[in-house]
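Below is one structure, written out as structure tokens; the observations come after it.
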Amino acid sequence: MATPKRSRRLIDGFAAFWAAPALIWQTAFFLAPLLVLISMSFWVVRNYRLTPDFVLKNWERMFTRDYFWAAYLHTFELALLVAVLASVIAFPASHYLAFKASPAARRWAMFLLITPFFTSYLVRAYSWKIILSTEGVLNVVFGWVGLGPFEMLNNTFGACVGYLTLCMPLVILIQLFALSNVNRDLIGAAHNLGCGPLKTTFTVTIPAARVGLILAATFAFILSFGDYVSPAYLGGGKPPTMSILIVDQTKSGNHWPRASVVAVTMVVTLITVLFTALFAAYGKPGGKK
Amino acid sequence: MTTPMRHILTLDAVTKRFGDTTALHPTSFAVEKGEFLAMMGPSGCGKSTTLRMLAGLEFPSDGAIRLWDRDITDLPPWERDMPMVWQSYALFPFMTVAENVEFGLKQKGRSTAPARRKKAAEWMDRLGIADFARRKVDQLSGGQRQRVALARALALEPEILLLDEPLSALDAHLRLHMQSELKRLHRELGITFIYVTHSQSEAFALADRVAIMSEGRVQQIGPAKEVYRAPANRFVAEFVGANTIFAGKVLPDGGIETPLGLFRATDGHAPTPGRQATFLVPADRVTLSAAPLGVENEVKATLLTEEFTGSFVTLLLELPDGTEMKVQKQQSELDRLSLDVGTTIHASWPAEVAYVLKEDQ
């Protein structure tokens with residue numbers, strides 16, 4: 001039986017009421033600051049004082065500097081590298097947990113994958129210094145077998161270790177959910193039609209879990225593209241990433257407008273990446289297949 | 001013993017345990033080349049487990065499976081040639097219809113790409129899905145998906161086709177249509193079909209032989225008519241057909257004394273005087289009358305419900321001791337009785353249709 005028009009409107013209103021807090025929160029603390037950020041990129045700094053204005057010179061200044069584009073490219077490459085690395089390293093673990101591990105083992109693994117979020121990421125990144133430094137735990141162990149010492153801090157390797165610390169648990173979790181939702185009959189059917197286990201993983205399992213796998217990689221990209229801790233404390237800050245550039249602009253000369261230019265560029269990049277990823281996953285952005 | 005070469009597939013004491021539960025007790029039977037065998041039973045009876053072991057998707061805990069005279073018990077699924085049609089169809093959603101149909105050929109690597117495409121096209125044509133070749137699977141209806149699943153399996157041109165409740169996701173009309181199509185395919189291809197179903201009508205309509213399974217055991221295996229007319233035990237008698245089951249003590253003269261009176265049953269196994277005997281009365285062999293006929297094997301009954309299913313009417317009667325009796329009649333036969341729910345009538349049957357089951361050990 002069809003619901004009468006009036007009560008249907010009541011139900012819609014009820015749903016909207018409960019949806020409102022989350023939407024208001026997003027508007028107040030994401031959209032509004034974003035608009036402030038965008039407008040600030042057109043302000044000027046006079047005598048170290050921030051002055052509202054509408055000039056394009058911040059944009060001109062940043063976009064014509066080689067160091068800006070070098071930082072942009074470096075950040076983009078690092079984030080892309082981390083997205084690929086995290087996806088590749090996480091996949092065997094996610095696959096094992098989804099298909100081979102017992103349900104009890106899987107629950108334990110999920111618990112352990114969530115616990116890193118209990119502690120501050122800053123602390124976790126810092127603790128890597130003890131392990132990776134020239135006199136650190138790893139190099140001591142390498143020393144015993146006559147290797148090293150290796151330079152593992154203040155370079156891309158150190159930064160990547162930090163990035164992976166940040167995003168690996170999440171990547172495994174998202175991949176695990178994606179793989180758990182793959183219809184087991186598809187895998188059985190592939191075997192049944194003569195496809196061995198390794199080949200099945202590539203021709204059936206990965207395409208079937210595509211959306212989740214892309215989403216996991218996208219998360220890794222987004223988290224590391226915007227991260228400050230890893231490139232600054234483990235990567236040594238040279239060459240700088242976009243996040244380091246922002247800090248540099250605000251620290252030296254209190255130049256918030258230029259920092260805003262960097263930030264807006266980052267936001268636009270991330271939105272573009274996200275839409276591209278969703279398009280690749282679903283066929284069209286935000287839509288269903 | 002027959003020569004082993006006659007059987008394409010032999011199960012020898014195949015057993016399957018999952019932890020503490022036994023999904024399949026030691027089971028042995030053989031399948032002949034070109035046969036249409038249906039495994040039928042309620043859910044959890046072990047029929048799907050048996051099929052999955054044939055496909056290599058599960059491995060027996062004990063026993064052996066032989067293809068002709070080759071032991072394939074531990075052969076991984078991708079090395080067997082027994083494509084399966086799945087209840088869920090299990091079509092690859094990220095591939096087109098043509099890619100799905102070609103999948104097995106590609107994996108087996110037996111032919112070149114053009115030969116593969118040609119073969120896939122032939123099967124799509126044969127199953128009437130050629131027009132959808134370039135479509136994604138999720139753009140197809142249930143019936144069309146079923147045909148893709150069939151084409152994908154048959155494109156491998158196997159000796160044995162496994163079917164796991166292939167029609168259960170279709171609506172009734174389509175199911176009947178696909179049923180006749182399966183029967184035609186089986187006849188034309190001459191390959192062996194092993195078919196799992198919980199539907200008696202499907203099993204009886206399609207199969208040369210039916211294996212009735214329950215609680216991890218094959219209760220009876222044989223031609224549908226035999227299973228229907230001469231059930232091996234009480235489970236089969238209750239599961240297939242519309243029988244009413246009576247039990248009682250056998251008198252010296254062979255009559256069977258039940259709470260409902262004395263009956264005679266001369267079909268099936270000979271009752272042993274002094275022992276308990278169980279016999280069944282097929283629903284379509286019962287005579288109904290308004291007044292007692294005064295013949296042997298007659299009971300008084302009350303009409304409980306009447307179910308009209310096309311040309312047949314199934315009546316449910318209640319006997320004086322609470323037993324429910326099923327009777328099937330043509331609508332035309334019933335008209336002269338003018339029955340209403342609650343009407344008292346008399347049911348009788350000749351002794352030679354009452355089938356005595358084998359004595360329980």
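Computed from heavy atoms alone, side chains included, the values below leave out hydrogens, waters and symmetry copies. Residue numbers start from 1 in every chain, and the chains themselves are labelled A, B, ... in the order their sequence lines are given, proteins ahead of strands.
With chain A as partner, the option from B:K108, B:E79, B:R80, B:K136 having the largest number of non-hydrogen pairs under 4.5 angstrom is B:K108. In terms of heavy-atom pairs under 4.5 Å with chain A, the best-connected choice from B:P158, B:G109, B:A90 is B:A90.
Inspection of non-hydrogen atoms places no residue of residues 81-118 of chain A under 4.5 Å from chain B. Close approach to chain B, defined as a heavy atom under 4.5 Å from one of its heavy atoms, is seen in A:N183, A:D185, A:L186 of residues 164-187 of chain A, taken by number.
Scanning all heavy atoms of the two residues, the minimum distance from B:W86 to A:A189 falls at CZ2-N, 3.3 Å. Smallest separation of non-hydrogen atoms from A:L193 and B:P83: CD2-CB, 4.3 Å.
Residue B:R184 qualifies as enclosed at atom CZ: its count of foreign heavy atoms under 6.0 Å is above 12. Counting heavy atoms of neighbouring residues, nucleotides and ligands inside a 6.0 Å radius, atom NZ of B:K106 does not exceed 12 of them. Within a 6.0 Å radius of CZ in A:F225, more than 12 heavy atoms belonging to other residues, nucleotides or ligands are found.
Side-chain N or O atoms of A:N192 include none that pairs as donor or acceptor with a backbone N or O of B:P77 at under 3.5 Å.
Using a 4.5 Å cut-off between heavy atoms, B:M82 touches chain A through its backbone atoms (N, CA, C, O) alone. At a 4.5 Å heavy-atom cutoff, the contact between B:L91 and chain A is made by backbone atoms alone.
Separating the CZ atom in B:F92 from the OG1 atom in A:T203 is a distance of 7.0 Å, to the nearest 0.5 Å.
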